[in-house]
**Student:** 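Sharing a structure with you now.
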Amino acid sequence: MALKKGFIFDLDGVIVDTAKYHYLAWKKLADELGFEFTEEQNEMFKGVSRKRCLEILLDIGKVDATQEQFEKWMIEKNEDYLSYIDKMDESEILPKVKKVLKYLKKKDQPIALGSASKNAQPILEKVGLISYFESIVDGNSVTKAKPDPEVFLIAAKDLKTKPEDCIVFEDSVAGIQAANIANMISIGIGDKNVLHEADYIFKDFTEMNKKFLKKLIKK
Ligand code: BG6
Ligand code: MG
């Protein structure tokens, strides 16, 4: 019988580089509120829910908000973000991601998405990857944010795979911690100094060969 694992992909920063659009949308809001928001500060926003991002942003700018303003700014930021998403197409898929997805499909491996984003579904549709995913667990389906393992545990359940047989691809520290807490194999995509808690780290998918993927399936 063929070996089956559960492969769980984060979206932003793993499949597509949407961090730049999140940054532009948050920066626009910061500009409007009259303070600076840098790309370095944007690093703290990776893997973090929209609500938590706004809380951090307002802390940075030392801005107090009423509940009403808070809700309004969340909507404003998302509308601005969606104007970038609207223009996305296949060309925005990060290098070799499609090749990895294709390889896993060929090997009959179940694939899920495990993302904090509430915009995951439209993004996967825009870039034409939605058909690769048997399950999409996103910001609309979870109550607890990464590093809580909820998002990955739901994905494992959907794929009918035990957590210890799941492999998670993540670009955020919170996401790697969530995968580790869930007792899954964590694969960091990005900077090895930032993602040092991961079981394996690759700069991007161009560094990952078939031999490595084969090993993961057989493990
Ligand atoms: C994560 C991103 O994937 O999704 C975060 O890394 C983002 O930066 C979060 O804040 C929520 O995204 P959205 O699309 O629901 O605002
Ligand atoms: Mg991410």
**Student:** Can you give me the closest heavy-atom contact between Thr161 and Lys5, atom names plus distance?
**Tutor:**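 Answer, listing the atom of Thr161 first, then Lys5: CG2-C, 3.9 Å.
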
**Student:** Could you name each residue pair satisfying salt bridge (charged side-chain N to carboxylate O under 4.0 Å, His left out) that touches residues 113-135, not counting sequence neighbours?
**Tutor:** Asp86-Lys126, Lys105-Glu134

**Student:** Can you name the closest pair of heavy atoms from Ala179 and Ser186 and give their distance?
**Tutor:**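 Ala179 and Ser186 have their closest heavy atoms at CB-CB, 3.9 Å.
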
**Student:** With a 4.5 Å heavy-atom cut-off, do Lys146 and Val151 have their side chains touching?
**Tutor:**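 Yes, close enough: below the 4.5 Å cut-off.
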
**Student:** How many angstroms lie between atom CD1 of Ile123 and atom CD of Glu92, to the nearest 0.5 angstrom?
**Tutor:**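 Here the rounded value is 9.5 Å.
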
**Student:** Report yes if some heavy atom in the side chain of Phe212 is under 4.5 Å from a heavy atom in the side chain of Ile187; otherwise report no.
**Tutor:** yes

**Student:** Set out, in order, the CA-CA distance, both residues' side-chain angles and the distance that settles side-chain contact (heavy atoms from CB on, under 4.5 Å) for Leu216 and Phe7, then state yes or no.
**Tutor:** CA-CA 10 Å; Leu216 287 176; Phe7 286 85; 4.2 Å; yes

**Student:** State which residues pass ring-ring contact (aromatic ring centres under 6.0 Å, His included) with Phe37; sequence neighbours excluded, sorted by chain then number.
**Tutor:**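 ring-ring contact (aromatic ring centres under 6.0 Å, His included) check on Phe37 returns Tyr23, Phe45.
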
**Student:** Check whether any side-chain heavy atom of Phe9 sits under 4.5 Å from a side-chain heavy atom of Tyr132, and report yes or no.
**Tutor:**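 A side-chain contact is absent here, since even the closest heavy-atom pair is not under 4.5 Å.
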
**Student:** Heavy-atom count check: over 12 atoms from other residues, nucleotides or ligands less than 6.0 Å from Asp64 CG?
**Tutor:** no

**Student:** Do Phe205 and Val14 come within less than 4.5 Å of each other through their side chains, counting heavy atoms only?
**Tutor:** yes

**Student:** Less than 4.5 Å apart, any side-chain heavy atom of Asn180 and any of Asp199?
**Tutor:** yes

**Student:** Does one hydrophobic cluster hold both Leu129 and Val100, with members joined at side-chain heavy-atom distances below 4.5 Å?
**Tutor:**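 Yes, Leu129 and Val100 fall within the same hydrophobic cluster.
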
**Student:** Flag the pair Leu29 / Leu54 as yes when at least one side-chain heavy-atom distance between them is below 4.5 Å, and no otherwise.
**Tutor:**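 They are in side-chain contact.
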
**Student:** Of all heavy-atom pairs between Pro147 and Ile181, which one has the smallest distance, and what is that distance?
**Tutor:** O-CD1, 3.5 Å

**Student:** Same cluster or not: Val168 versus Phe133, using hydrophobic residues (I, L, V, M, F, W, Y) connected whenever any side-chain heavy atoms lie under 4.5 Å apart?
**Tutor:** no

**Student:** Kindly determine whether Asp12 and Lys46 satisfy salt bridge (charged side-chain N to carboxylate O under 4.0 Å, His left out), including the steps that lead there.
**Tutor:** CA-CA 8 Å; Asp12 297 312; Lys46 289 187 178 170; over 6 Å; no

**Student:** Would you mind writing out the side-chain donor-acceptor pairs for residues 70-80 within the sub-3.5 Å range, not counting sequence neighbours?
**Tutor:**
| unit_1 | atom_1 | unit_2 | atom_2 | d |
| --- | --- | --- | --- | --- |
| Glu71 | OE2 | Gln67 | NE2 | 3.0 |
| Lys77 | NZ | His22 | ND1 | 2.9 |
| Asn78 | OD1 | Arg50 | NH2 | 3.4 |
| Asn78 | OD1 | Asn119 | ND2 | 3.0 |

**Student:** What pair of heavy atoms forms the shortest contact from Leu159 to Ile111, and how long is it?
**Tutor:** CD2-O, 3.7 Å

**Student:** Under 6.0 Å from the CD atom of Glu90, do we count more than 12 heavy atoms belonging to anything else shown?
**Tutor:**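 Open.
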
**Student:** Assess whether atom NZ of Lys160 is packed by more than 12 heavy atoms of other residues, nucleotides or ligands within 6.0 Å.
**Tutor:**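 No, because the 6.0 Å sphere around NZ of Lys160 holds 12 heavy atoms or fewer from other groups.
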
**Student:** Between Thr143 and Glu150, is any side-chain donor less than 3.5 angstrom from a side-chain acceptor?
**Tutor:** yes

**Student:** Taking all non-hydrogen atoms of both residues into account, name the closest pair between Ile136 and Ser141 and its distance.
**Tutor:** O-OG, 4.2 Å

**Student:** Using side-chain heavy atoms (C-beta onward) and a distance below 4.5 Å, is Val194 in contact with Val173?
**Tutor:**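 Val194 vs Val173: side chains touch.
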
**Student:** For the side chain of Glu170 and the backbone of Ile176, is there at least one donor-acceptor N/O pair under 3.5 Å apart?
**Tutor:**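 Answer holds: no.
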
**Student:** Between Thr18 and Met88, is the side-chain contact (heavy atoms from CB on, under 4.5 Å) condition met? List the steps.
**Tutor:** CA-CA 10 Å; Thr18 34; Met88 282 180 89; 3.8 Å; yes

**Student:** Determine whether a donor-acceptor pair (N or O, by modelled atom type, separation under 3.5 Å) exists between the side chain of Gln69 and the backbone of Ala65.
**Tutor:** no

**Student:** Show your working on side-chain contact (heavy atoms from CB on, under 4.5 Å) between Ile189 and Leu94 and close with a plain yes or no.
**Tutor:** CA-CA 11 Å; Ile189 304 292; Leu94 285 166; over 6 Å; no

**Student:** With a 3.5 Å distance limit and no angle check, can you tell me whether Ser115 reaches the backbone of Asp138 through a side-chain donor-acceptor pair?
**Tutor:** no

**Student:** Is it the case that one hydrophobic cluster holds both Tyr81 and Leu11, taking links as side-chain heavy atoms less than 4.5 Å apart, direct or via other members?
**Tutor:**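 Cluster IDs for Tyr81 and Leu11 match.
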
**Student:** Identify whether Met184 and Leu195 are in the same connected component of the hydrophobic contact network (ILVMFWY, side-chain heavy atoms under 4.5 Å).
**Tutor:**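 In one cluster: no.
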
**Student:** How far does CG of Asp108 sit from NZ of Lys4, to the nearest 0.5 angstrom?
**Tutor:** 4.0 Å

**Student:** Check whether Glu164 reaches the backbone of Lys162 with its side chain - one donor and one acceptor, N or O, closer than 3.5 Å.
**Tutor:**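 No; zero donor-acceptor contacts below 3.5 Å.
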
**Student:** Measure across Ile8 and Gly114 and return the closest heavy-atom pair with its distance rounded to 0.1 Å.
**Tutor:**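 That closest heavy-atom pairing would be CG2-N, 3.8 Å.
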
**Student:** Does the side-chain contact (heavy atoms from CB on, under 4.5 Å) test come out yes or no for Glu197 and Gln177, once each step is laid out?
**Tutor:** CA-CA 7 Å; Glu197 289 173 65; Gln177 290 169 341; 3.2 Å; yes

**Student:** Val137 and Val48: same hydrophobic cluster, using ILVMFWY side-chain contacts below 4.5 Å?
**Tutor:** no

**Student:** Do the side chains of Phe152 and Cys166 get nearer than 4.5 Å, heavy atoms only?
**Tutor:**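 Not touching, per the 4.5 Å side-chain cut-off.
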
**Student:** In Å and rounded to the nearest 0.5 Å, what is the CG to OG distance from Asn140 to Ser117?
**Tutor:** 8.0 Å

